[in-house]
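Along the sequence shown, residues are numbered consecutively beginning with 1.
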Amino acid sequence: MGHSAPLVASQPALAAALKKLIGTDLLAHVFTVDEDSITVDRTAIAGVMISLRDNLDYQQLMEIAGVDYPDRAERFEVVYHLLSVTKNHRLRVRVSTDEATPVPTIVPVWPNAGWLEREVFDMYGVLFAGNPDLRRILTDYGFQGHPQRKDFPLTGYTELRYSEEDKRVVYEPVKLAQDFRNFDFMSPWEGADYVLPGDEKAGGTGEAPGKGAPSPMTAKEVKASDNKAKASPPPTPKTTEKPEQTGAGAKTNLKAAKTSRDGAKSKVSTKEAKTPATTKAEKAPPKPRAPRKPKTGGDA
């Protein structure tokens, strides 16, 4: 099966080798999407890890993860991810347990398992027998519960805040209204079957409540408004058809009708209007230009 991940070398003889090496401690072997996953007996996990490291060349422990299946009798699975550097192959090893039954530690096999087992203990509450320092590692001191269990509430059990009275951080039980705990997974954008807060104010629009915000205009009205905006505006009416209509009063209109000093009148003829001064200047002969004086000096 092709995939975008780096090519992992296939191990066709791995199933037979695992069955011969682990024996009755091998409970299941699954090969899917180019990955091998085995389930082994919980009590034999330390010996199985030693055999996989020394006999099948799985030199590195890459990760330890937890999985929660609340419907199972042994609800937790501890999943170990091993890597063979020489064979370029990965192997997933699983064991199952419950809240009270510890899993044997594999710290003597791989020392880095100490921190990884502490993470699984902190998040899921799985106990590891023989771990030299089984304490919480991700949550705060005094934290109640295990956050990655399926039955752990999203709001948690306690909250912390800084108290000005006590001058320190204090822990208090979470106090939330039940409306916040009972989250509604129905999206209001898809239309709820009940009236959403605020929709009761949208009465009189003809739309059913809880179906989103009402539209202020119909599609026909929106199209008519767009066409009206695209049309050219009407011409602006003229307010001064005559020179006397200046809007400054009767006295100003009377003065505007009088002849100016150069003989120009306010009445405009059909031809281009010219003042007497302009007409006199056009009839006068042009003055002769004075001869240009030659330049003196220089190399010429």
Side-chain angles (χ1 to χ4, degrees), residues 11 14-15 17-33 35-84 89-158:
Q11 301 291 327
L14 181 61
L18 289 172
K19 187 175 182 180
K20 180 179 179 180
L21 180 65
I22 302 176
T24 57
D25 293 331
L26 179 63
L27 304 180
H29 178 205
V30 178
F31 179 78
T32 180
V33 292
E35 294 181 354
D36 288 278
S37 178
I38 62 174
T39 303
V40 301
D41 185 14
R42 177 182 61 252
T43 59
I45 184 61
V48 169
M49 290 300 183
I50 294 175
S51 300
L52 293 175
R53 182 194 63 182
D54 298 343
N55 299 322
L56 295 183
D57 299 330
Y58 287 96
Q59 300 94 347
Q60 294 185 5
L61 171 66
M62 305 303 298
E63 179 63 279
I64 301 178
V67 188
D68 184 15
Y69 298 97
D71 298 335
R72 296 183 183 179
E74 293 185 342
R75 60 181 294 184
F76 301 115
E77 275 192 358
V78 182
V79 186
Y80 305 85
H81 296 265
L82 307 182
L83 171 65
S84 175
H89 190 262
R90 294 178 183 269
L91 178 65
R92 186 183 299 112
V93 183
R94 304 172 182 266
V95 297
S96 60
T97 186
D98 53 22
E99 295 94 331
T101 306
V103 178
T105 184
I106 60 170
V107 172
V109 186
W110 286 290
N112 66 320
W115 286 59
L116 302 176
E117 289 176 354
R118 287 178 61 182
E119 291 180 359
V120 177
F121 164 72
D122 194 359
M123 295 291 103
Y124 295 92
V126 177
L127 302 175
F128 291 90
N131 187 292
D133 189 15
L134 193 62
R135 295 179 297 159
R136 291 186 179 272
I137 190 173
L138 298 177
T139 57
D140 198 4
Y141 297 104
F143 188 88
Q144 298 180 10
H146 304 280
Q148 290 191 355
R149 287 188 179 184
K150 296 293 181 62
D151 54 1
F152 186 80
L154 296 179
T155 55
Y157 298 108
T158 59

Do side-chain atoms of [X] reach the backbone of [Y] as a donor and acceptor pair under 3.5 angstrom?
X	Y	answer
W115	I137	no
D98	T101	yes
E117	I106	yes
R118	R136	yes

Spacing of I45 atom CD1 and D25 atom CG [to the nearest 0.5 Å] =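 Answer for the CD1-CG pair, I45 versus D25, is 9.5 Å.
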
key: Distance (rounded to the nearest 0.5 Å) between F121 CZ and L116 CG   =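 It comes to 15.0 Å.
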
ask   = Would you say the side-chain atoms of H146 and D122 include a donor-acceptor pair closer than 3.5 Å?
value =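 The criterion, which ignores hydrogens and geometry beyond distance, is not satisfied for D122 and H146.
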
task = Compute whether any side-chain donor of one residue and acceptor of the other, for H89 and D36, lie under 3.5 angstrom apart.
result =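 Yes - a donor-acceptor pair under 3.5 Å links their side chains.
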
inquiry  = Is the shortest side-chain heavy-atom distance between V95 and D41 below 4.5 Å?
reply    =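 Contact flag for V95/D41 side chains = no.
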
On a heavy-atom basis, which atom in [X] and which in [Y] lie closest, and how many Å separate them?
X	Y	value
A17	L56	CB-CD2, 4.2 Å
F76	Y124	CZ-O, 3.5 Å
E99	L127	O-CD1, 4.2 Å
F152	F143	CZ-CZ, 3.9 Å
S96	E74	OG-OE1, 2.7 Å
I22	V40	CD1-CG1, 4.4 Å

query = Does the pair V93 and L82 meet the rule for a side chain to side chain contact (heavy atoms under 4.5 Å, CB included), with working shown?
reply = CA-CA 8 Å; V93 183; L82 307 182; 4.0 Å; yes

Salt-bridge present ([X], [Y]; N to O < 4.0 Å):
X	Y	result
E35	R90	no
K150	D68	no
D151	R149	no

task = Would you sort out whether R94 and S37 count as a side chain to side chain donor-acceptor pair (under 3.5 Å), showing the intermediate values?
result = CA-CA 8 Å; R94 304 172 182 266; S37 178; 3.0 Å; yes

